[in-house]
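Report on the following structure.
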Amino acid sequence: MTNKEIFQIWAPAGKKWVDWVRPVPFVAMKECSKQYWFSDKAVAPTDYADATYEDAAIIVDLPGAESVNEGIKLAQAGYRPIPIYNGTIEQHGARATVDNQSVAVALALGADRLRDIVIPEDALPAFLLDSNRMHRFKMEVSVFDNSWDIYPQDIPSADYLLKNGIGKIIIVGNAVSKDLRKILYDYQKKRIQIYFSNRYEAPKKITLRKPLRKGKD
């Protein structure tokens, strides 16, 4: 498949929420020089099907290809996976702070599985993030810094979510990242409830504290 065909599988025209799919990892997908094994044996997602979470969007914040694989599992459970990765890959032979190639390869391999999954027209969104995105430590200046953050414009606003019947957000990951915490604190002020799940346990409601000012967090 071409890059465009892979992108269209993840962002099929006319489907709800796909306007937020970021094109960045699809652009240089064919230039990836590393090989990865994309497992389909990830832990099945926690069951969010009961009435408690019927108005919940999901944010998957797991390392690299794990987040893509979790997105496929959630698609099988009836969610619309929305990749919002925004990191570029390094040039051939170079070293980088973040392995964005693993995400690109996983999206390409995952497209074969995703196109065979029938997702409901009214599916709730599952936004996919790489929890490694903010790795910025460089041992030498020659290392390519391709780290990235998520910003409010990268996901639907609190008002848009509420308008579309979403009153909860479930974070699926190992922790609540600094950049995501800043965004979701504002959602919380709009009365959107925030939940957290480590994939192995049912989501638990959390209360986010006000982020510290820049330079102090």
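Numbers here are sequence positions counted from 1.
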Shortest non-hydrogen contact between [X] and [Y], atoms and distance:
X: Ser197; Y: Ile170; value: CB-CG2, 4.4 Å
X: Pro152; Y: Ile183; value: N-CD1, 3.7 Å
X: Val18; Y: Lys15; value: CG2-O, 3.0 Å
X: Gly64; Y: Asn132; value: N-ND2, 4.0 Å
X: Ile166; Y: Ala57; value: CG2-N, 3.7 Å
X: Pro81; Y: Leu114; value: CG-CD1, 3.9 Å

For the residue pair [X] and [Y], establish whether any side-chain heavy-atom pair is separated by less than 4.5 Å.
X: Ile169; Y: Leu161; result: yes
X: Ile192; Y: Leu184; result: no
X: Phe7; Y: Pro23; result: yes
X: Ser102; Y: Val68; result: no
X: Leu128; Y: Glu70; result: no
X: Val176; Y: Phe196; result: yes
X: Asp179; Y: Arg133; result: yes
X: Trp17; Y: Asn164; result: yes

Worksheet item: side chain to side chain contact (heavy atoms under 4.5 Å, CB included) between Glu54 and Lys168: does it pass, once the steps are laid out?
Response: CA-CA 9 Å; Glu54 64 183 3; Lys168 301 181 181 73; over 6 Å; no
Worksheet item: Going by distance alone, is a donor N or O of one side chain under 3.5 Å from an acceptor N or O of the other, for Ser67 and Tyr85?
Response: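 Short answer, yes.
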Spacing of [atom1] belonging to [X] relative to [atom2] belonging to [Y], to within rounding of 0.5 Å:
X: Leu124; Y: Tyr79; atom1: CG; atom2: OH; value: 6.0 Å
X: Lys182; Y: Tyr151; atom1: NZ; atom2: OH; value: 8.5 Å
X: Asn69; Y: Leu74; atom1: CG; atom2: CG; value: 10.0 Å
X: Lys178; Y: Ile150; atom1: NZ; atom2: CD1; value: 14.5 Å
X: Phe127; Y: Ile84; atom1: CZ; atom2: CD1; value: 6.5 Å
X: Leu208; Y: Gln188; atom1: CG; atom2: CD; value: 4.5 Å

Discussion item. Is there a salt bridge (charged side-chain N to carboxylate O under 4.0 Å, His left out) between Glu66 and Lys73? Walk through the geometry before answering.
Written reply: CA-CA 11 Å; Glu66 287 185 46; Lys73 296 292 184 181; over 6 Å; no
Expected output: side-chain [X] to main-chain [Y] donor-acceptor under 3.5 Å:
X: Asp55; Y: Gly165; value: no
X: Trp10; Y: Leu107; value: yes
X: Asn3; Y: Phe26; value: yes

Worksheet item: Are Ile82 and Val118 connected, step by step, through hydrophobic side chains (Ile, Leu, Val, Met, Phe, Trp, Tyr) whose heavy atoms are closer than 4.5 Å?
Response: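 Cluster IDs for Ile82 and Val118 differ.
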Worksheet item: Where do Asp159 and Lys190 land on the salt bridge (charged side-chain N to carboxylate O under 4.0 Å, His left out) test, with the steps shown first?
Response: CA-CA 8 Å; Asp159 290 337; Lys190 293 272 190 175; 3.3 Å; yes
Discussion item. Let's go through Tyr185 and Lys210 carefully: what are the C-alpha distance in whole Å and the side-chain angles of both, what is the deciding distance for side chain to side chain contact (heavy atoms under 4.5 Å, CB included) to 0.1 Å, and is it a yes or a no?
Written reply: CA-CA 7 Å; Tyr185 176 76; Lys210 183 177 181 180; 3.5 Å; yes
Worksheet item: What's the verdict on salt bridge (charged side-chain N to carboxylate O under 4.0 Å, His left out) for Lys189 and Asp186, showing C-alpha distance, side-chain angles and the deciding distance?
Response: CA-CA 5 Å; Lys189 290 195 299 182; Asp186 289 336; 3.6 Å; yes
Fill in: Criterion side chain to side chain contact (heavy atoms under 4.5 Å, CB included) on Ile59 and Leu180, from CA distance to verdict
CA-CA 10 Å; Ile59 296 178; Leu180 192 55; 3.9 Å; yes
Practice prompt. Check the pair Arg191, Leu162 against side chain to side chain contact (heavy atoms under 4.5 Å, CB included), reporting the backbone distance first and the verdict last.
Written response: CA-CA 9 Å; Arg191 300 185 182 277; Leu162 290 167; over 6 Å; no
Worksheet item: What's the verdict on salt bridge (charged side-chain N to carboxylate O under 4.0 Å, His left out) for Glu121 and Lys16, showing C-alpha distance, side-chain angles and the deciding distance?
Response: CA-CA 7 Å; Glu121 292 294 322; Lys16 196 170 183 179; over 6 Å; no
